[in-house]
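The block underneath contains the structure these notes are about, expressed in structure tokens.
Numbers restart at 1 for each chain; the letters A, B, ... are given by sequence-line order, proteins then strands.
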Amino acid sequence: EPEVTQTPSHQVTQMGQEVILRCVPISNHLYFYWYRQILGQKVEFLVSFYNNEISEKSEIFDDQFSVERPDGSNFTLKIRSTKLEDSAMYFCASSEYRGVEGYTFGSGTRLTVV
Amino acid sequence: DQQVKQNSPSLSVQEGRISILNCDYTNSMFDYFLWYKKYPAEGPTFLISISSIKDKNEDGRFTVFLNKSAKHLSLHIVPSQPGDSAVYFCAASYTNAGKSTFGDGTTLTVKP
């Protein structure tokens, strides 16, 4: 069964450093998403991406965040200057259609900012 | 503003019995509702969805019921199995938007 692959599975970074979280969505999917889950809290939408541009973003997704699909297969989330409160599980997801019929999520990257 | 709420943080049922997980929403613009299951150290897995034009959708052991007037949906699992033990998230979305709004999750434990 096709999978969404995320790397790394765990990343520890110093506060103020830049991190790039990587995702390989399912190959025939057209819509891509990043969500995050802070420990003990709900899964929160960050950004959706379609046709090489952001289609929607939440208020969490401020100027410190950016997304890119550099080569037609990878989908990356960059956090420019990490803060302690960015520590969370970050999930990439993709869908063939607009997502109303469910996404396929990756296993997540646990980001720990120290 | 918590637009999607799962009021029960946990539920424990006996193997073979019915599990009923509940979800309430406040935003009447939502027109698609989904349930995801999540095991530790994994991403959520899509289970079943329902459009607001329906009141029931069934897929094997899983049935989702939607009561639009009450802004309430429920997931029924019959019969429950120990492998169903996981966190279940309710989510809601608009047809014209891809993003979903998730509830807090309910941890289901199915005892053998």
Side-chain angles (χ1 to χ4, degrees), chain A residues 1-7 9-10 21 23-26 29-51 53-61 67 88-110, chain B residues 1-10 23-27 29-54 57 59 62 64 66 73 75 86-107:
Chain A
E1 189 166 332
E3 287 185 342
V4 173
T5 305
Q6 288 188 245
T7 54
S9 56
H10 191 187
L21 310 183
C23 170
V24 179
I26 292 172
H29 285 185
L30 301 176
Y31 296 85
F32 314 111
Y33 311 86
W34 284 100
Y35 282 77
R36 79 174 184 188
Q37 185 180 26
I38 295 171
L39 188 64
Q41 299 186 24
K42 60 172 59 184
V43 177
E44 301 174 290
F45 170 77
L46 291 178
V47 65
S48 58
F49 192 86
Y50 169 72
N51 200 25
E53 61 182 25
I54 290 173
S55 35
E56 192 172 3
K57 59 184 181 180
S58 71
E59 59 268 17
I60 302 169
F61 194 89
V67 289
M89 280 292 287
Y90 286 81
F91 294 106
C92 173
S94 68
S95 63
E96 189 175 358
Y97 305 106
R98 212 170 172 88
V100 289
E101 294 189 0
Y103 313 132
T104 302
F105 279 91
S107 294
T109 293
R110 177 167 297 285
Chain B
D1 174 30
Q2 199 165 358
Q3 297 187 69
V4 179
K5 290 181 72 169
Q6 295 175 255
N7 289 318
S8 298
S10 63
C23 178
D24 297 295
Y25 63 96
T26 56
N27 190 338
M29 299 294 289
F30 289 137
D31 56 5
Y32 229 93
F33 304 91
L34 310 97
W35 285 94
Y36 288 86
K37 177 170 78 170
K38 185 180 180 304
Y39 294 118
E42 294 184 13
T45 301
F46 171 70
L47 271 179
I48 191 169
S49 63
I50 187 167
S51 161
S52 59
I53 63 172
K54 295 186 174 182
N57 189 25
D59 183 1
F62 301 92
V64 56
L66 175 62
L73 63 153
L75 175 68
V87 179
Y88 288 78
F89 290 100
C90 167
S93 63
Y94 314 99
T95 303
N96 292 328
K99 77 169 190 178
S100 285
T101 300
F102 283 74
D104 289 319
T106 296
T107 301

Check your understanding: For B:K37 and B:Y39, does a side-chain donor sit closer than 3.5 Å to a side-chain acceptor?
Key -> yes
Point to revise | Contact class of A:Y35 relative to chain B, heavy atoms under 4.5 angstrom | key: side chain
Revision key, fill the gap. If one checks every heavy atom of B:A41 against chain A at 4.5 Å, the contacting part turns out to be backbone
Check your understanding: Can you check whether B:F102 and A:F45 have ring centres sitting under 6.0 Å from each other?
Key -> no
Exercise for review: Would you mind checking which part of A:Q41 comes under 4.5 Å of any heavy atom in chain B, side chain (CB onward), backbone (N, CA, C, O), both or neither?
Suggested key: neither
Check your understanding: Where does the angle between the aromatic ring planes of B:Y25 and B:F33 fall among parallel (under 30°), tilted (30 to 60°) and perpendicular (over 60°)?
Key -> tilted
Exercise for review: Give a yes-or-no answer on whether the side chains of A:S48 and A:S55 include a donor-acceptor pair shorter than 3.5 Å.
Suggested key: yes
